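Structure first, commentary second.
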Amino acid sequence: GVWRQTKALLFKNCLIKCRTKKSSVQEVLFPLFFLFWLILMSMMHPHRKYDEVANTNLGTLDTSMLVNFVIGYTPPTRVAREIMKKVAFDNFEDGIITEEYLSEEELQEASAFKPSNFVGVVFNDAMSYQLRFPDSVAMSSIYMESR
């Protein structure tokens, strides 16, 4: 019955493993090698912890740093245009350059060719958005913990 077939299959697999020792050893050692390599890589790039910033008055905004600052946003809806117009002109006397993109892919392509003064805004809906920074901006420690 089933027990006899299972026992014969187990015996056959043991014979194969004994006859092919090189491949059997490789089956065991390669995963251990890759596990060691992953642990080594994670130790070379430790998690960054950023301390909390206390709620303090930061003073007035230095607008000289925002010269030629570009904010790209997507999708180009009526609400997104109103929000970006308010951001560009109500808070800054000279205004900030805003560019609208039809899709998030176009926004990512544009940010790759723009200098480091480019920030992307992706509107999920009228009440939520996500910011897309260039690679030079430090990531939050929240996302580093899940590595």
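Numbering starts at 1 and runs along the sequence shown. Given the structure is predicted, the values throughout are model-derived calculations rather than measurements.
Phe33 and Leu29 fall into different hydrophobic clusters, where Ile, Leu, Val, Met, Phe, Trp and Tyr side chains are chained together by heavy-atom contacts under 4.5 Å. Criterion: ILVMFWY side-chain heavy atoms under 4.5 Å apart, direct or through other members. Under it, Val121 and Val79 are part of a common hydrophobic cluster. Transitive grouping of hydrophobic side chains (ILVMFWY, heavy atoms separated by less than 4.5 Å) keeps Phe34 and Met41 in distinct clusters. Using a 4.5 Å cut-off between side-chain heavy atoms of Ile, Leu, Val, Met, Phe, Trp and Tyr, with links allowed through other members, Leu131 and Ile71 fall into the same hydrophobic cluster. In the hydrophobic clustering of ILVMFWY residues, with side-chain heavy atoms under 4.5 Å counting as a link, Leu9 and Trp3 come out apart.
Every residue two or more places apart in sequence or in another chain that forms a side chain to side chain contact (heavy atoms under 4.5 Å, CB included) with Ser23 is listed here: Thr20. The side chain to side chain donor-acceptor pair (under 3.5 Å) search around Glu109 returns none, not counting sequence neighbours. Applying the side chain to side chain donor-acceptor pair (under 3.5 Å) rule to Glu106 yields no partners; only residues at least two apart in sequence or on another chain are considered. The side chain to side chain donor-acceptor pair (under 3.5 Å) test applied to Arg78 returns Glu82, not counting sequence neighbours.
The minimum heavy-atom distance between Gln130 and Asn124, with the atom names listed, is CG-ND2, 3.8 Å. Taking all atoms of both residues into account, the shortest heavy-atom contact from Pro75 to Ala80 is O-CB, 3.5 Å. Taking all atoms of both residues into account, the shortest heavy-atom contact from Gly72 to Tyr101 is CA-CE1, 3.8 Å. Here the closest non-hydrogen pair linking Leu107 and Thr74 is CD2-CG2, 4.1 Å.
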Applying side-chain contact (heavy atoms from CB on, under 4.5 Å), run through Ile83 and Tyr129 and close with a yes or a no. CA-CA 11 Å; Ile83 292 171; Tyr129 61 89; over 6 Å; no

From CA spacing to verdict: side-chain contact (heavy atoms from CB on, under 4.5 Å), Tyr73, Arg81: CA-CA 9 Å; Tyr73 65 95; Arg81 285 186 189 106; 3.4 Å; yes

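Side-chain atoms of Glu27 and Lys17, non-hydrogen and from C-beta on, do get closer than 4.5 Å to each other.
Connectivity analysis of hydrophobic side chains (ILVMFWY, heavy atoms under 4.5 Å, direct or indirect) links Met127 to nothing; its cluster partners are none.
Atoms CG and CG, on Leu40 and Leu35 in that order, are 11.5 Å from each other to the nearest 0.5 Å.
Judged as a salt bridge (charged side-chain N to carboxylate O under 4.0 Å, His left out), not a single pair has a partner in residues 2-16 (not counting sequence neighbours).
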